[in-house]
Each structure stands twice: as structure tokens, then as C-alpha cells.
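Comments concern the structure below.
Chain letters run A, B, ... following the sequence lines, proteins first, then strands; residues in each count from 1.
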Protein chains: 2
Amino acid sequence: MKLATLKDGSPDGVLHVVSRDLTRSVAATAITPTLQTAIEKWDLVADALEQLYAALNAGTAPGAIALEPRRLAAPLPRAWQWLDASAFHSHGDLLEKVFGLDPPPEKRSVPLMYQGAGDDLIGACDDVPLPSEDDGMDFEAELVVILDRVPMGTTVAQAESHIRLLTLANDTSLRALAAKDLKTGFGFLQSKGATTFGPVAVTPDELGDAWRDGRVHLPLHVHWNDQPFGHPHCGAMGFSFGELIAHAARTRNLAAGTLIGTGTISNENFREVGSACIAERRAIELVDEGAPRTPYLKFGDRVRIEMFDTAGRSIFGAIEQSYVRADIG
Amino acid sequence: MKLATLKDGSPDGVLHVVSRDLTRSVAATAITPTLQTAIEKWDLVADALEQLYAALNAGTAPGAIALEPRRLAAPLPRAWQWLDASAFHSHGDLLEKVFGLDPPPEKRSVPLMYQGAGDDLIGACDDVPLPSEDDGMDFEAELVVILDRVPMGTTVAQAESHIRLLTLANDTSLRALAAKDLKTGFGFLQSKGATTFGPVAVTPDELGDAWRDGRVHLPLHVHWNDQPFGHPHCGAMGFSFGELIAHAARTRNLAAGTLIGTGTISNENFREVGSACIAERRAIELVDEGAPRTPYLKFGDRVRIEMFDTAGRSIFGAIEQSYVRADIG
């Protein structure tokens, strides 16, 4: 089934069930008020949500309305936890090479992951407000899983059963501030802006055969100002979602509603398929041409991120948003 | 005023107003259900909460009950954001020296801060479950501010007005896993267990003259298995809370209910006043005796963290808890 959160002025919005073809939605309020409460009580509410989804797809759900992506908040407008990995080896290897970074310890056997800020998440069609073009604004197109409660010590084999939904993310990054954050060892802080999610979150069965080995075996399409920028394949993940979840739960419980991202999607043949962030393209230019040529984002720039099934149908809808100057002071 | 969260089986508990002498409390349900909702609507509910606090202190609040610290959850049992700094220079300088770490860039002018996990916070008298003594279990005694919404770009001068409450924290750390996390540059992940807060959160006015310059000018008392371990003075903070808040809000909004911690309290004369974490004592031993002598925590060990006003009265109540083996698998 497909779920989304309609903005209603409250911090957590209203849960809607969305039709498979992304044209209509219906409030799930009679079942559970928000996506967070749905995730917390999944076993109690999933059947009723599936029935509503079936009725919506059959055209028999009372109260259905046309889906307007601009009215959608992030599926979780604020999340108790947002963890993001760097699960694509071709991306990490390239950036290490270009920036002369030490490879992380055991980089092929231990996932690289940071704690992100989940308190203020951006809807798929909303602007991304940031203070300055000088900070090196970049997008990062990713896939994300939404988990129910994961107890400490959950194994890789057990971990995938906690994946309730998947969605898209644009992990906005500020490259001019990243080197300083990384050098502290304390991780990204000022160098990550608020992350964008959605528009729609889907259960793994919606992906059909493309969901296997704890990975989504489909390309992710990224456009920058209406120009194709990259369509790397998500099946190239160096770690499965199960491995990422088990890594995060090694020494603590993960609360229901935890989000875990893949990090920038990237493929070995990035020169052919393109990239999912500007930093990677600049690194390729540095290797191939001696200097980066592509600038980072300017205010007014637009980014579009979307995934299609093998029949060409949009699975999650599109993240489609503009970067704008924040109204400060 | 003083506030706390009583466990009631729900994820966010029930907001109680606590008497100044920490002996009684009364449910604030008629005003607002949880501390999170109180922080979100502070300007609408603060007066009513203060009136209830005055009645409770006068012995005229109907429904008041005896305060039982074991029944308290963390003031925010889950928080939308938990950020922790390393604001005491004597601690950072010592650890850099001992571990041969590069000093962070601009370490006297730019706060060091990491994104923590706020999804699963531990009550002041609850056990801390962890998987293994081999992970190098340590406590870190800290002070924490609880903020209302802080807009992106808030200045140091504006920042302190967003501090609604202060409380204590025990930032449980797993030292055997920290070096690996720091080396990735991505920050602490497996090397931080769930953090403990509380028991009681207080408005800054409860600190009287001890609250000035964005700092709390009182010592924090730490006991390990009933033995005094340290009582470093919190006034030695190298950065004010205002500076920490402005640093965190440089490129993003901080949602209402954001927690920001000081990091381990530490003083230049740590040989006299002791430390607020075992790692610091071990570093001193390494400098003075050539090798660390004090082991990390064992299961069954107890930690107590408490702050007193100049008249010797407990301000927040005590964090008093045991480390136990997690029930895994």
C-alpha cells in the first residue's frame, strides 16, 4: 500500500492512504491519526489500512480526494530518529581518492553511518530554505526505510522484518562546511540542512520483484533544472538495508518511526549513468579534467528525484523542489 | 518552576509539576498533557503551570501526590532532537593530548557538537541496559537545556531566550567503540548508548544567581558505587549555552523540544575536583602514572549525578541508576 501525510497545520499532519497510481487519496483518520501512530501500532492497523487502500484503488472509498503533491508534508514531518548511511562504495571510494581522506576502518565490512537531525523534515514539493549560496548547497538523492521498533542487538537476519515502508529522500548537504565537520570526528552538523522526504511512502510489496536481497533493484532518476543529471541503479548498494539496521541497533533500541537512508545512490560506471549529487560529479571532473567544473546550487535552482517501476509508473511520486534564501533575522 | 514526566505506559508519559523541595507533584493534565506539548505552546501554558507550581508549593494544589523518582521517565522520554557539545576545554585538551588527536579547527572559537539519538531516552532512576562490558561502558555527567523552536540563523544574543528548562544528563558512552566512530569522521553512532535525563527539569529562574552568562555557576556531584568521583564546576564552560544554540541553528531550524547538552563537565584542576566521566580519569592516570588504572563500568555498577544550590538543596533531584546487561536475542 501507499501512504502519505497531508499538511493540516499541526506538527505531524494527517495520515492519508494514496492510490497505487498516485492520483487520489483518502484520510485514514478513522483508523489512526498520523503515520507515526500507524508505525507504532502497525500490527493493529495495517489490515484496516490495506482494506482502505484496496477500496481506494477500486474507486469505492468514500471521501477520496485528488492527490495534490504540494499539500503533502514529509511522510513523517518530524521523526524521532533519522540515520543516514553511505552504502554505495563507488561514491565513498571516489571521494576518498579526490579529497585524500583515510579510508574508514573496515569499509567493506562495516557500514558508514551518521546520526542526522529528524526534528524538522521538508515535504517533497516544498522549498529548501538555506542561509547562503557560499555554503556549497548540494542535493543527495537517496532511498530510505521507515522502521517499527528495532530492539538492541537485532541481527541482520531479523532486521528486514522491521521495514514497514520505503520512501525517497533529498539529503541536502552544505559542502563548504563539510570538511570542517568531518575533521572534528563528531560528524555532520552545520553541513547538513533539513532533509526532504516523500512524497509517498510504500510498503515493500509495492516494489514487486525489484525488492530483494534487502535492496531496491531499480534506478533513481535525478534532474537538476529540468536537465537529466543521473539515474544510478539502487541495486548496487554495498550493504543491504538489513545490514544497515543491524549496524544501527548494535548498542541501542531504535524507536518506532526511525528512518534509515542509503546515502547518495552511486554506481561504478558513474561516467555513463551520472550521479545523484553534485559533489560526485565535481570529483569525477577533478579526476578527468584536473578541476571541478560544475558549480553547486544557486537560489532558485530546482531538483527532481523520482523512481519508476519496470512499466514506467512512478512509485513514490516525485521530490520536486526549489532551493531558496532563508528569511533570517 | 519544576516539571517532570510521570510514566503511564504511553510513549510520552504525563506532565507533572513538581514542588520546589522535590517532595510532591501534581498532574498538569488539565493544562497540557506532556512536556513536549508544553514546550510547543509555552507562551500559552506557562502562566497556568506557574500558578499550579505556586499552589503546590503552598500545599493547596488538589491531587498532589508524593514524588517517587522511580516513577519518573526522562522529562522528554523521546526528543525530536538531542545535540551534545564538548564545551569544557580542559576535557578536550586532555583527551587530544593523550590520544594524539588533531585539535579540532578553531577549537576555542567554534563549539564542538554532535548529533545524538533522541528517540529512546532513559529515566533518571532506570537501569541502563547495554550488550557487553567489553565495549568500555562509561558515564558522562552533563547539564542540558530544553529549547522552544529556534529559527535558523538565531544569533548568540537571541539564543538564550529560547531556553525554557534545564536538566541533568548521563550521556552513556562506549569507549571501546569511540575511536572507530571518530575515525570515520561521521561521528558517534555505536559508541553512544541511550542517554539518561532528569529526573526534574527546571526553569532558569530556579537557579537564581547561579544562572548568568549563559552558564550554571554550580558544581555537579558525581558518585560511582557510592564513592565520590568528581564535583567539577559548571561555570567553567568554554562556550555559553547561547553560543551552543546559535552554532546548532546556523543552517537549520531547531524544533521545539530540542535538547542541547554541555558535554562532560570538566575543570582545569581535575586532579583536585575529580572528573565527570571515567575516560577523563584514565587520561589523567595515563599522563601522571604512564597507564590508566581505573577500569570502565561493570554490570551492576551504580552512578549518581546531582546538583545542589548554595544552601545545599537538590535542584533537579538525582540521576541514580545501574548499568545492566541488555536482554538480547
- Task: Under 4.5 Å, counting heavy-atom pairs only, tell me which of A/Leu112, A/Leu177, A/Asp120, A/Thr258 racks up the most with chain B.
- Result: A/Leu112
- Note on the structure: Whatever's closer than 4.5 Å to a heavy atom in chain B on A/Lys107 counts as neither
- Message: Going by side-chain hydrogen bond (donor to acceptor under 3.5 Å, both in side chains), name the residues that satisfy it together with B/Asp135, two or more places apart in sequence or in a different chain.
- Response: A/Arg250
- Task: Find the distance between CZ (B/Arg78) and CD (A/Gln81) and round it off to the nearest 0.5 Å.
- Result: 12.5 Å
- Task: Let me know if A/Pro131 has heavy atoms under 4.5 Å from chain B in its side chain, its backbone, both or neither.
- Result: both
- Contact origin within A/Ala249 toward chain B - heavy atom pairs under 4.5 Å: neither
- Query: Can you tell me how far the OG1 atom of B/Thr195 sits from the CZ atom of A/Arg252, to the nearest 0.5 Å?
  - Reply: 9.0 Å
- Item | Choice from A/Asp181, A/Asp119, A/Asn253 maximising heavy atom contacts with chain B below 4.5 Å | A/Asp119
- Message: Closer than 3.5 angstrom, by distance alone: can the side chain of A/Thr184 be matched with the main-chain N or O of B/Pro104 as a donor-acceptor pair?
- Response: no
- Message: Checking the side chain of A/Thr251 only, and the main-chain atoms of B/Gly193 only, is there a donor and an acceptor separated by less than 3.5 Å?
- Response: no
- Has the side chain of B/Gln115 got a donor or acceptor atom that lies under 3.5 Å from a matching backbone atom of A/Phe188? no
- Contact part of A/Ala117 toward chain B, heavy-atom cut-off under 4.5 Å: side chain, backbone, both or neither? both
- Message: Taking salt bridge (Lys or Arg N to Asp or Glu O under 4.0 Å) as the definition, give me every residue that meets it alongside A/Lys41, ordered by chain and number, with sequence neighbours left out.
- Response: none
- Which of residues 82-101 of chain A have a heavy atom under 4.5 Å from any heavy atom of chain B? A/Leu83, A/Ser86
- Query: What residues form a side-chain contact (heavy atoms from CB on, under 4.5 Å) with A/Ala276, not counting sequence neighbours?
  - Reply: A/Ala141, A/Val222, A/Pro232, A/Thr264, A/Ile265
